[in-house]
*Asks:* 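Following this message is one structure expressed as structure tokens.
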Amino acid sequence: MSSVLTDRPSPAGTARADPAAPRRRTRVFALPEARWAAAATVLFLIALPLQLTGAPGWAWGVPYALAYAAGGWEPAWAGLRALAGKTLDVDLLMVVAALGAAAVGQVMDGALLIVIFATSGALEALATARTADSVRGLLDLAPATATRLLPDGTEETVAPADLAVGDTVLVRPGERIGADGRVLDGTSEVDQATITGEPLPVTKETGDEVFAGTLNGTGALRVRVGRDAADSVIARIVRLVEEASETKAPTQLFIEKVEQRYSLGMVAATLAVFAVPLAFGAALTGSLLRAMTFMIVASPCAVVLATMPPLLSAIANAGRHGVLVKSAVVMERLGEVDAVALDKTGTLTEGTPQVTDVVPLPGAGLAERDLLTLAAAAEHPSEHPLARAVVDTARARGLTVPVARDFTSAPGAGVTATVGGHTVTVGSPARLPQETVDAPATAPAPLAGRTGSRAAAVRTATGAAAPAAVVAELEAGGRTAVVVQVDGVAVGVLGVADRVRADAGATVAALTALTGAAPALLTGDNPRAAARLGDEVGIRDVRAGLLPQDKVAFVRERQQAGRRMLVVGDGVNDAPALAAAHTGVAMGRAGSDLALESADAVIVRDELTAVPAAVALSRRARRLVVQNLVIAAVFISGLVVWDLAGTLPLPLGVLGHEGSTVLVGLNGLRMLREAAWTQAVRAGTGHV
């Protein structure tokens with residue numbers, strides 16, 4: 001029995017625009033399985049009263065035969081194709097059992113088996129389609145059109161699929177946003193609950209990120225398109241869930257491997273159930289009926305269906321809440337983790353550093369605003385996060401940033417540019433020549449004569465004017481120090497710090513409760529800044545100054561010791577560890593492309609608390625898998641014992657077998673409910 005999502009793709013740009021449009025819901029009779037099952041049922045209901053009222057055999061025999069054909073041709077054809085590939089399909093066994101019942105005169109019993117079997121298959125197909133509907137319904141949120149602004153200021157109406165990266169779109173009040181991008185101009189509140197799960201609208205201003213399908217409030221926004229329609233958050237959710245539906249979890253693979261041997265053994269046992277009583281003088285009809293009933297009730301349909309519905313439903317539910325789980329394998333493995341390693345920047349912190357200290361060195365003759373202006377001018381052409389922080393701080397203070405020339409950048413060291421005829425270098429103290437760092441600051445002549453407002457305070461605090469003393473003081477406070485030089489002379493130091501996420505502490509506590517061990521912190525930052533962050537969020541195992549290969553070595557060491565590691569990160573330097581871990585999770589909003597590709601799951605909404613929630617959801621899905629296997633085993637063993645030790649009527653055996661199959665399918669689909677995610681969030685935060 002199939003248990004994967006049927007492929008009914010829908011282009012991102014062709015969804016309905018009506019904000020109040022109902023969620024997609026596959027109609028029952030849109031499915032061929034449902035139509036054939038209905039036809040078989042109607043034919044059965046026509047034949048049964050004719051047979052019971054004593055009508056001629058041809059009158060009820062024809063509708064019975066048509067019922068066999070309508071309900072049995074599809075599983076029979078699929079079973080024969082599987083048999084041609086040397087695979088024994090349980091669907092074929094059901095059809096054989098029905099034909100066997102008809103061969104010994106039990107035409108009504110065989111027809112009932114076909115009807116119930118076809119109805120069970122239709123219910124399974126409908127449940128699978130509804131699973132897909134719950135995710136693909138996100139596409140209904142995307143508008144049918146978007147307003148693109150042309151360079152000459154005119155407007156044109158286009159389909160969102162026709163928007164290209166770099167286009168500018170106008171979003172009027174009350175409209176849905178047509179593409180993922182960033183706000184160029186305007187202020188408005190945007191309801192993005194469908195993507196991020198945030199219950200209240202979020203204020204969006206210049207520079208803020210917006211998502212396709214979210215609903216604009218009362219303001220007008222000009223948005224620069226940042227992703228193609230096919231790469232939007234909504235489209236990625238749909239695509240990843242569809243890809244995940246094509247994978248199989250280890251439990252499912254094990255079941256399918258056992259299924260073939262089980263089916264062959266079941267056929268052999270059926271022949272024995274038929275032949276042994278016959279050899280001892282039993283009636284042919286009774287022996288054949290018992291054997292047919294045995295083959296039906298012993299078939300592992302419920303076992304086969306026990307695994308994938310819970311896992312796929314959990315994937316769909318997580319996708320609706322902004323957690324993209326790339327496969328059923330990942331969903332199963334998430335619940336197995338018993339140790340966690342977290343990256344610092346962009347994971348436990350917001351990944352947007354801010355300048356906290358501007359310290360001109362005594363003797364440099366610079367005020368704070370002069371030092372910040374020089375640093376911002378040199379950093380302006382750079383795309384490094386620290387450079388953005390310096391430039392943003394200068395602009396926030398109302399400073400005019402001069403144009404720099406001859407800009408060069410050395411990865412890991414810093415930048416150099418010519419500003420006002422002077423060579424300005426801004427970089428890490430660890431990468432600059434030691435004599436420069438330790439040398440006393442003497443300002444170049446053109447910059448002399450101006451005093452820094454904090455020079456006396458710095459001298460008093462450090463007892464020295466050398467950059468090294470200021471760097472040490474800033475790093476002791478958990479900040480990253482950046483040294484500014486003019487014409488080769490250190491003139492000041494900037495302190496930069498990243499803001500800790502508000503939910504970092506709660507997430508660490510939740511992961512500790514779920515795994516039984518406190519997470520480790522892996523970072524390339526300096527030990528003092530890392531230790532300070534660890535103290536703030538409750539992590540004692542802090543590993544600082546790590547290169548990417550060091551993070552991988554840590555993960556492999558733990559896994560060789562028998563731990564199943566969950567690694568959470570966002571940067572290029574985290575990608576090797578994400579790939580090496582038992583399960584890797586990437587923070588999606590600021591995550592690098594390499595990290596997103598290397599990770600097994602992506603937190604699109606960038607909420608750290610979604611990590612323990614996803615682990616808790618996986619564990620709940622795994623518990624449902626176990627429940628399903630127990631239910632299937634109880635039904636199969638009970639019906640088999642009844643058939644062998646007593647007399648189990650064929651219709652009752654059919655009802656018990658197919659009923660157990662439907663039961664485990666519906667039990668697995670419980671993971672689609674909103675309550676399943678709510679309970680996972682509570683379990684992930686310790687509020688059960």
Side-chain angles (χ1 to χ4, degrees), residues 244 249-250 311 314-315 318 321-348 501 503-523 534 537-543 546 548 550-571 573-588 591 595-622 680-681 683-686:
L311 295 176
I315 290 172
H321 293 88
V323 182
L324 305 185
V325 180
K326 293 184 178 180
S327 69
V329 175
V330 175
M331 179 52 74
E332 188 172 33
R333 288 163 69 99
L334 262 173
E336 299 174 349
V337 299
D338 57 11
V340 181
L342 301 168
D343 173 48
K344 173 180 174 286
T345 305
T347 302
L348 287 172
R501 291 180 186 267
D503 53 4
T507 300
V508 169
L511 290 172
T512 302
L514 284 170
T515 63
L521 174 60
L522 309 181
T523 178
V537 300
I539 297 179
R540 294 185 177 180
D541 187 2
V542 177
R543 311 294 177 98
L546 301 183
D550 300 325
K551 294 184 178 183
V552 172
F554 173 85
V555 171
R556 288 178 175 167
E557 178 186 346
R558 288 293 180 91
Q559 293 189 156
Q560 288 172 359
R563 308 306 295 268
R564 296 182 179 91
M565 290 293 300
L566 168 67
V567 174
V568 185
D570 72 312
N573 61 331
D574 299 318
L578 291 171
H582 179 78
T583 308
V585 175
M587 305 302 292
L596 298 180
E597 290 296 326
S598 302
D600 300 304
V602 179
I603 308 297
V604 175
R605 65 185 182 183
D606 218 43
E607 289 185 6
L608 197 56
T609 51
V611 176
V615 173
L617 187 72
S618 171
R619 292 187 177 181
R620 182 173 174 80
R622 285 163 55 85
V681 170
T685 55

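Computed over heavy atoms, backbone and side chain alike; hydrogens, waters and symmetry mates excluded. Predicted model only: the values in this text are computed from it and were never measured.
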*Asks:* Which pair of heavy atoms, one from G569 and one from T347, lies closest together, and at what distance?
*Replies:*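 For G569 versus T347, the nearest heavy atoms are CA-OG1, 3.4 Å.
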*Asks:* Report the residue from R563, E336, R564 that forms a side chain to side chain donor-acceptor pair (under 3.5 Å) with H582.
*Replies:*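 Of all the options given, the one that passes is E336.
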*Asks:* So which atom in V537 and which in A504 form the shortest heavy-atom distance, rounded to 0.1 Å?
*Replies:*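 Scanning both residues, the minimum pair turns out to be CG1-CB, 3.7 Å.
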*Asks:* If you measure from CZ on R333 to CZ on R622, what distance do you get to the nearest 0.5 Å?
*Replies:*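 Spacing of CZ (R333) from CZ (R622) equals 11.0 Å.
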*Asks:* Quick check against the 3.5 Å criterion: does T515 have a side-chain atom that pairs as donor or acceptor with the backbone of A339?
*Replies:*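 Side chain of T515 to backbone of A339, a donor-acceptor pair under 3.5 Å: no, none is there.
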*Asks:* Please step through side-chain contact (heavy atoms from CB on, under 4.5 Å) for the pair I539 and L348, ending with a clear verdict.
*Replies:* CA-CA 11 Å; I539 297 179; L348 287 172; 3.9 Å; yes
*Asks:* Hey, could you give me the OG1/NZ distance between T523 and K551, rounded to the nearest 0.5 Å?
*Replies:*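 Taking OG1 in T523 and NZ in K551, the distance rounds to 6.0 Å.
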*Asks:* When you measure from the side chain of Q559 to the backbone N and O of A580, does any donor-acceptor pair fall under 3.5 Å?
*Replies:*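 Side chain of Q559 to backbone of A580, a donor-acceptor pair under 3.5 Å: yes, one is there.
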*Asks:* Which distance, rounded to the nearest 0.5 Å, do you find between the CG of L617 and the CG of L334?
*Replies:*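 Separation between the atoms: 9.0 Å.
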*Asks:* Considering non-hydrogen atoms only, spot the tightest contact between G534 and L521 and give its length.
*Replies:*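 Residues G534 and L521, closest heavy atoms: N-CD2, 4.3 Å.
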*Asks:* For P612 versus L514, what's the shortest heavy-atom pair and its separation?
*Replies:*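 It is O-CD1, 3.5 Å.
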*Asks:* Using only atom types and a distance under 3.5 Å, with no angle test, would you say the side chain of R558 pairs donor to acceptor with the backbone of A341?
*Replies:*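 Here the side-chain-to-backbone pair does not exist.
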*Asks:* Any idea which heavy atoms bring G562 and D338 closest together, and the distance?
*Replies:*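 Scanning both residues completely, I find the closest heavy atoms to be O-OD2, 4.2 Å.
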*Asks:* Take L342 and V508 through the side-chain contact (heavy atoms from CB on, under 4.5 Å) test and state the conclusion after the steps.
*Replies:* CA-CA 9 Å; L342 301 168; V508 169; 4.0 Å; yes
*Asks:* Going from OG1 on T583 to CE on M331, what distance comes out if it is rounded to the nearest 0.5 angstrom?
*Replies:*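 Nearest 0.5 Å value for the OG1-CE distance: 10.5 Å.
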*Asks:* Run the side-chain contact (heavy atoms from CB on, under 4.5 Å) check on V611 and L566 step by step: do they pass?
*Replies:* CA-CA 10 Å; V611 176; L566 168 67; 4.0 Å; yes
*Asks:* Determine the minimum heavy-atom distance between V568 and M587, stating which atoms define it.
*Replies:*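 Reported closest heavy-atom pair: CG1-SD, 4.0 Å.
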